[in-house]
Amino acid sequence: MSNRYIPHTEEDIKKMLDRIGISSVDELYSEVPSEVVFKRDYDIPSAMTEIELRKFFKELGAKNKCMTVFAGQGAYDHYAPSVVAHLLSRSEFYTAYTPYQPEISQGTLQYIFEYQSMIAELTGMETSNASMYDGATATAEAMFMMVASAKKKNRVLVSATVADRVVNVVKTYAKFHGVDLTIIPEKDGVTDLEALKAELAAGDVAGAILPQPNKYGIIEDLSGVADALHAAKGYLAMNVDPSALAVLRTPASWGADIACGDGQTLGMPLEFGGPYLGFLACNQGMLRKMPGRVVGYTTDADGKRAFVLTLQAREQHIRREKATSNICSNQSLMCLYAVIYLSLMGKKGLTEVNELSADGAHYLFDKLTASGKYEAAYPGKPFLKEFVVKPLCDYKEVKKCLENAGILGGVELPDGNVAIAVTEKRTKAEIDRLVELMTE
């Protein structure tokens with residue numbers, strides 16, 4: 001077995017094989033069942049000239065169907081100024097990996113520091129780490145932080161109104177780390193807070209994970225939840241939409257100890273599902289339980305401000321059994337994306353994004369429910385940019401009609417209802433066209 005990109009000589013390989021007591025590299029894979037081993041030649045196309053290659057990918061790209069998006073459920077079609085992509089593609093950002101040497105990584109360290117500062121300001125929390133893989137894994141890490149901080153408590157409550165994909169990831173992490181997970185039922189589209197408080201009576205709850213807005217787009221009233229958890233010596237983690245925090249109460253104002261979620265709503269393109277951005281912020285008391293890294297600033301020998309890695313709770317740097325997580329990398333490029341986007345939008349711009357989204361969503365909701373073809377799934381519940389309706393018609397046929405018209409409509413939910421999202425990118429003409437097709 002040879003590979004032109006592996007610099008070891010045959011002699012090097014033989015020494016390593018002799019050291020571990022095997023005769024060939026193939027023996028390393030002897031445990032792999034033969035029926036799953038690929039035995040044919042790889043179907044790799046012949047080499048192309050540049051003009052042929054460009055033509056090939058242009059034709060391949062033309063097979064994609066560009067649609068007007070009214071789908072949401074955790075991935076939203078928000079606008080980003082064109083300058084974001086231009087700055088992001090600069091080589092010093094695009095090729096940078098990790099800032100191990102602070103003396104030559106000041107630029108990378110600075111934008112991570114700025115990212116942390118912006119996330120802290122949005123969430124109201126005291127500190128933030130550098131970015132993580134995505135919102136689901138960040139939420140799972142929040143679960144571990146609560147268990148580690150609560151001491152001798154191994155049960156975490158998760159609301160049934162947290163997005164299903166997030167709950168599924170949290171369940172997987174919990175299963176293989178021995179965390180006891182309890183799902184708190186929903187009631188009329190929101191978390192059943194009485195059921196949550198009843199669970200606290202057992203005295204074994206390390207914390208709870210609640211959403212804002214929830215998976216139905218509803219803005220939940222979480223008054224008193226943090227106080228109840230803290231009285232039971234537990235913690236509150238909130239999975240939130242960072243864009244919506246421009247107009248909604250911050251996790252800190254609800255009394256949360258941890259804020260987490262996905263930064264995709266900060267102008268990041270849908271891009272077939274990624275890459276996205278997980279964020280994690282907490283109060284100062286939980287800082288050393290937080291995975292990943294924290295960038296801070298100090299002064300150099302000349303008294304000038306300099307950026308450094310202040311905290312690295314990483315398994316490579318400490319004994320594995322003492323590590324808070326196996327998270328090693330951060331989504332540094334996407335963290336920079338968030339920094340540029342938030343810098344350009346500012347408080348006024350981010351507020352306008354939410355106002356336009358809310359206006360469009362409520363206009364669409366009113367039109368659909370007035371048509372007699374749809375009714376509110378959760379009447380009277382407040383929402384921002386996403387809502388759920390109950391079709392009084394065959395929505396599968398409606399969905400086909402929308403797709404034929406180049407519109408990606410609402411997301412069908414397991415109970416037959418439909419979740420529809422509107423962002424600032426949707427015009428009144430597009431919304432009216434959607435209403436026309438959905439009601440006719």
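Computation of the quantities below employed the complete heavy-atom set of this structure, encompassing side-chain atoms and omitting hydrogens, waters and symmetry-equivalent molecules. All residue numbers in this chain count up from 1 along the given sequence. From a predicted model like this one, the values you see are computed outputs, not experimental measurements.
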Any side-chain to backbone donor/acceptor pair from Asn129 onto Pro291? Under 3.5 Å, distance only.
yes
Please check: side-chain N/O of Glu424 versus main-chain N/O of His78, any donor-acceptor pairing under 3.5 Å?
no
So which of Thr423, Asp359, Asp241 actually passes side chain to side chain donor-acceptor pair (under 3.5 Å) with Lys385?
Asp241
Crowded around [X] [atom1]? As in, over 12 foreign heavy atoms under 6.0 Å?
X      : atom1 : result
Lys175 : NZ    : no
Glu31  : CD    : no
Glu92  : CD    : yes

Modelled atom types, side-chain donor and acceptor of [X] and [Y], under 3.5 Å:
X      : Y      : value
Glu386 : Tyr76  : yes
Ser357 : Asn354 : no
Glu220 : Thr191 : yes
Asn239 : Thr139 : yes
Asp432 : Tyr363 : yes

Which residue pairs pass the side-chain hydrogen bond (donor to acceptor under 3.5 Å, both in side chains) test with at least one member in residues 109-118, sequence neighbours excluded?
Tyr111-Ser332
Can you find a heavy atom in the side chain of Glu430 that is under 4.5 Å from one in the side chain of Thr68?
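Yes, at least one pair of side-chain atoms sits under 4.5 Å.
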Indicate the atoms forming the closest heavy-atom contact of [X] with [Y], along with that distance.
X      : Y      : answer
Pro211 : Leu222 : O-CD1, 4.2 Å
Leu350 : Leu342 : CD2-CD2, 3.9 Å
Ala160 : Lys215 : O-NZ, 3.0 Å

Where do Glu186 and Tyr216 land on the side-chain hydrogen bond (donor to acceptor under 3.5 Å, both in side chains) test, with the steps shown first?
CA-CA 11 Å; Glu186 61 182 81; Tyr216 303 121; 2.9 Å; yes
